[in-house]
Amino acid sequence: MSYLCHLQLPKRSLHIGISLLNLHLQYQTRFSSSSSSSSSSDSTVTPPVSHTFDLSRVSKLITNQKWSDLKTLTKQTNPNSFLHVLLQSGLDSDLVLHYFKWSEREFGVSHNVELYCRLFQLLANSKKYGKIRSLLHDFVEKDEMHTNSSIFHSISVTGGGFCANSIIVDMLILAYVYGSKTDLAFEAFLRAGDYGFKLSLRSCNPMLNLLVKERKFAVVEIVYKEMIGRRIELDVITFNIVVKGFCKAGKLKAARDVVEDMKVRGFSPSVVTYNTLVEGYCKNGGAGKMYTADRLLKEMASDNVHPSESTFNILIYGFCKDKNLSAAMKVFKEMQDQGLKPGVVTYNSLINGLCKEGKLDDALCLRDEMVGSGLQLNIITYNALMHGFSKKKMLKEARELLDDIGKKGLAADVVTFNTLIDAYCKAGKIEEAIELRNVMMDKTVFPDVATYNCLVGGFLREGKLEAASKLLDDMENNGLRADVITYNIRLNALCKKGESRKAAGLLDEMFERGIRPSHLTYNTLIDGYCSEGNLRAALNMRARMEREGKRPNVVTYNILIKGFCEKGKLEEANGLLNEMLEKGLVPNRTTYEVVKDEMVERGFYPDIDGHLYNVSVNS
DNA sequence: ATAGGGTTAG
């Protein structure tokens, strides 16, 4: 048996050959005192089986943990070849494992891939799956981690049987997933297909989930299709993860298609499926999203799936994001009518929505109601409230909230401090803001990019340019990298000063640093040019925006239309308005105001077929 | 140790 393996060695990749050889040499030097039992022509670590191997004696030694005796015994050959013998001896798999771990610790080495694979197979055949799992977990965390190529090769060469090998590969992928080694997991998934191993949902679902978390949506799609192609039996969870992937990618139509697909395959969407879809619409749905979300709720009812607390929470969140607080409150009431108790998340969503709209009193009422119903405020509740006080410029109350958090046994987090720091900056109290940064560091809450963004914005608003750039250096020296928001803040400051050209220069710097501009980046620049009356540059920036893959949005058009109106170029403004409508963009309240003030009042009626007015009625 | 919700900076 062991010689069979030697014969297969030349087939290995050079890389593996070398690493085996290295290991071999290591052993040779380490155990040079032992009688040379391995012949020099033998290119593996495995010398011929020792004649003096006494299985029952070894078994007893391992069982009784007589490690020093074992050490003497193994020195007669070497620990690696000794293991080789054990693996084939028929010795109980637990004892082999015990020896395996001891020898790695004792001799400070790692056994080679092939021995690992043999051990996995031995364990698999005695159904010790938990042990394989924990071994694999350590295995993939090793510095000298082995390639998938060598693992798959070893597994198929040492011949553990189809089922055992499939299970091992399954657990290998799972180990990669737990170690967040996404690319390796996916590679192993593909290789499993090549080798014809049958994977289970035990590995596929967690891998899909990790891919979604890391926003590798294209790969999610590939895996999903592969799973169907390989006839892996999917379950509702698989579909839910894939739906979530499409939703996060903003491909809501594709997400709905997956739901249809799951129905066709005989699965009923669960409440989680629906919640995922509703969340997708709430977060990425664009205009009219809450209408679709509402329709989904009806579809849910007709499918006899009952909404959960989460369902309502998502809807409340969506309406709050739309600033439609009356709708959010309606949902809040509706859930209670249906016998569901609002939880901390429900209250937090509403309190946050109210605070953002400046309805601090209502938010405080809800907080009291929350406490009254026996719920504990958490740090997110406090952060939302702190934001509410800050918006109202009630700095004293915001600051008191910080002390309150401590008294309640909660820990202020980076968001808490950032909110307060921003409030101080916006009130022009930058010294206090900087002081707060020191306070947070004393409490081992470390500033992040947002902290610096608040402070940099504060300095820039005050016109303290050197202080701002010193802070930016400070940030990078602390290992924090500027992000798109940092740049937007700087761009905005330059544009406000009438230095839009200079701001546009920062755009190139962003690309050099691999920071993708956002819609707001371009819109800020376009706005800057418009304010300077440089409409030509504004239009050029819009063209650049499109070239660089960002579609002008309603805000872009609003800025441009306003710019043209202010220059008295109503004809062109009207042209832009119609262009916007042709592109299917829905005008908003600002559009309406721009049009009304600058055009309609001057007797210039835009050709917009009443569309605009409907929107203003809704909002 | 496989699926769903809430907070800050532009």
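Atom set for the values below is all heavy atoms of this structure, side chains included, hydrogens, waters and symmetry mates excluded. So you know, we letter chains A, B, ... as the sequences are listed, proteins then strands, and number each from 1. Everything quoted here is computed from the prediction, not taken from an experiment.
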Open item on the list: At 4.0 Å (heavy atoms only), tell me whether A:I241 reaches a base, stays on the sugar-phosphate, or touches nothing.
Closed with: sugar-phosphate

- [ ] Remember a base hit wins even if backbone is also touched, and classify A:K213 as base, sugar-phosphate or nothing at under 4.0 Å, heavy atoms.
- [x] nothing

- [ ] Find the distance between CE (A:M262) and OG (A:S268) and round it off to the nearest 0.5 Å.
- [x] 7.5 Å

- [ ] Determine the contact category for A:D448: base if any of its heavy atoms lies under 4.0 Å from a base atom, sugar-phosphate if only primed atoms, P, OP1 or OP2 are that close, otherwise nothing.
- [x] nothing

Open item on the list: Does A:L201 reach a base, just sugar-phosphate, or nothing at all? Heavy atoms under 4.0 Å.
Closed with: base

Run the side-chain donor-acceptor check on residues 395-410 of chain A: report pairs under 3.5 Å with partners two or more places apart or on a different chain.
unit_1	atom_1	unit_2	atom_2	d
A:K396	NZ	A:E400	OE2	3.2

TODO: For atom NZ of A:K198, decide whether the heavy atoms of other residues, nucleotides or ligands shown that lie under 6.0 angstrom number more than 12.
DONE: yes

Open item on the list: Once you apply a heavy-atom cut-off of 4.0 Å, does A:T524 come out as touching a base, just sugar-phosphate, or nothing?
Closed with: nothing

Open item on the list: Base, sugar-phosphate or nothing for A:I489? Non-hydrogen atoms, less than 4.0 Å.
Closed with: sugar-phosphate

Considering only distance and modelled atom types, tabulate donor-acceptor pairs under 3.5 Å from the side chains of residues 348-360 of chain A, sequence neighbours left out.
unit_1	atom_1	unit_2	atom_2	d
A:N348	OD1	A:T381	OG1	2.7
A:N348	ND2	A:N378	OD1	3.2
A:S349	OG	A:V345	O	3.1

Task: Trace of the side-chain hydrogen bond (donor to acceptor under 3.5 Å, both in side chains) decision for A:D413 with A:N383 - done: CA-CA 9 Å; A:D413 64 9; A:N383 290 345; 3.3 Å; yes

TODO: May I ask you to say what A:D235 touches in the nucleic acid, namely base, sugar-phosphate or nothing, with a heavy-atom cut-off under 4.0 Å?
DONE: nothing

Task: Opening and closing nucleotides of DNA chain B in contact with chain A, under 4.0 Å to non-hydrogen atoms - done: B:dA1 to B:dG10

Open item on the list: For the CG atom of A:L208 and the CZ atom of A:F186, what is their distance to the nearest 0.5 Å?
Closed with: 10.5 Å

- [ ] Using a heavy-atom cut-off of under 4.0 Å over every strand shown, decide if A:S349 touches base, sugar-phosphate, or nothing.
- [x] sugar-phosphate

TODO: For A:V278, answer base if it contacts any base atom (sugar-phosphate contacts may also be present), sugar-phosphate if it contacts only those atoms, and nothing otherwise; contact means non-hydrogen atoms under 4.0 Å.
DONE: nothing

Task: Carboxylate-amine/guanidinium proximity below 4.0 Å for A:E299 and A:R256 - done: yes

Open item on the list: Using a heavy-atom cut-off of 4.0 Å across all strands, would you classify A:S518 as base, sugar-phosphate, or nothing?
Closed with: base

Open item on the list: Students often get this wrong, so: under 4.0 angstrom with heavy atoms, is A:H137 touching a base, only sugar-phosphate, or nothing?
Closed with: base

- [ ] Remember a base hit wins even if backbone is also touched, and classify A:K321 as base, sugar-phosphate or nothing at under 4.0 Å, heavy atoms.
- [x] nothing

Open item on the list: Counting the atoms with a prime plus P, OP1 and OP2 as sugar-phosphate, which does A:K391 contact under 4.0 Å by heavy atoms, base, sugar-phosphate, or nothing?
Closed with: nothing

